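In what follows, a structure is listed as structure tokens, so that the remarks can point back to it.
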Amino acid sequence: FEVDCRAAGAAPLNINVEDDKQNLIPVRVNETQPNCYDVSFVPSTPIPHFVTVNWNDFNIKGSPFKVNVMPRPEKDINLGGEGKIRVYYSTTTSSEKIRHNCRFLQSLLERKKVHLREDFEPWIPID
């Protein structure tokens with residue numbers, strides 16, 4: 001998940017994840033730009049986990065967040081075959097949130113190298 005603290009000013013970010021049995025789960029935090037962070041963790045058991053997000057020694061609204069971790073299916077799930085990966089986007093939106101989400105998605109796909117796959121088509125403008 002992403003934590004965007006740009007509007008909050010400079011302060012320390014602390015993130016803790018623990019499972020329902022109060023075991024701490026390792027968390028990876030990567031600052032993608034000043035005061036904007038990519039956060040990830042890998043649960044090892046299918047039980048509820050709790051994510052505490054703390055900025056400048058204060059919990060953000062809603063923290064801790066409950067994450068229900070489900071068991072892995074016994075078989076890989078097949079969604080019905082192969083296809084193309086298509087990303088549509090708006091070129092005329094005036095919403096900063098939509099433009100931010102578009103930039104974030106592009107960055108995510110590039111980090112995962114999805115844009116280099118044979119089944120990826122170039123981004124498609126819809127307006």
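Because the structure is a prediction, the values reported are computed rather than measured. Heads up: numbering here begins at 1 and tracks the sequence.
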What one should report as the nearest heavy-atom pair of Ser63 and Thr52 is OG-CA, 3.3 Å
query: Would you say the side-chain atoms of Gln106 pair up with the backbone N or O of Glu110, donor to acceptor, closer than 3.5 Å?
result: no
One should read off an interatomic distance between Ser44 OG and Asn23 CG, to the nearest 0.5 angstrom, of 8.0 Å
The complete set of salt bridge (charged side-chain N to carboxylate O under 4.0 Å, His left out) pairs with one or both residues in residues 38-53, sequence neighbours excluded, reads Asp38-Arg111
By side chain to side chain contact (heavy atoms under 4.5 Å, CB included), Lys112 pairs with (sequence neighbours left out) Leu108, Val114
Connected to Ile25, directly or through other members, by ILVMFWY side-chain contacts below 4.5 Å are Phe1, Val3, Leu13, Ile15, Val17, Val27, Val29, Tyr37, Val39, Phe41, Val51, Val53, Trp55, Ile60, Phe65, Val67, Val69
Check: Could Asp4 and Arg6 be called an ion pair, given the rule that one side-chain N must be under 4.0 Å from one carboxylate O?
Finding: yes
How about CD on Gln22, more than 12 heavy atoms from neighbouring residues, nucleotides or ligands closer than 6.0 Å, or not? no
The complete set of salt bridge (charged side-chain N to carboxylate O under 4.0 Å, His left out) pairs with one or both residues in residues 88-107, sequence neighbours excluded, reads Glu96-Arg99, Glu96-Arg103
Contacts of Lys113 meeting side chain to side chain contact (heavy atoms under 4.5 Å, CB included) (sequence neighbours excluded), chain-then-number -> Leu116
In this structure, NZ of Lys66 is separated from NE2 of His49 (nearest 0.5 Å) by 12.0 Å
**Prompt:** Quick one: are Asp20 and Phe50 in side-chain contact, heavy atoms under 4.5 Å?
**Reply:** yes
Heavy atoms, side chains only, cut-off 4.5 Å: are Cys36 and Glu2 in contact?
yes
Sorted by chain and number, sequence neighbours left out, salt bridge (charged side-chain N to carboxylate O under 4.0 Å, His left out) with Arg28 holds for none
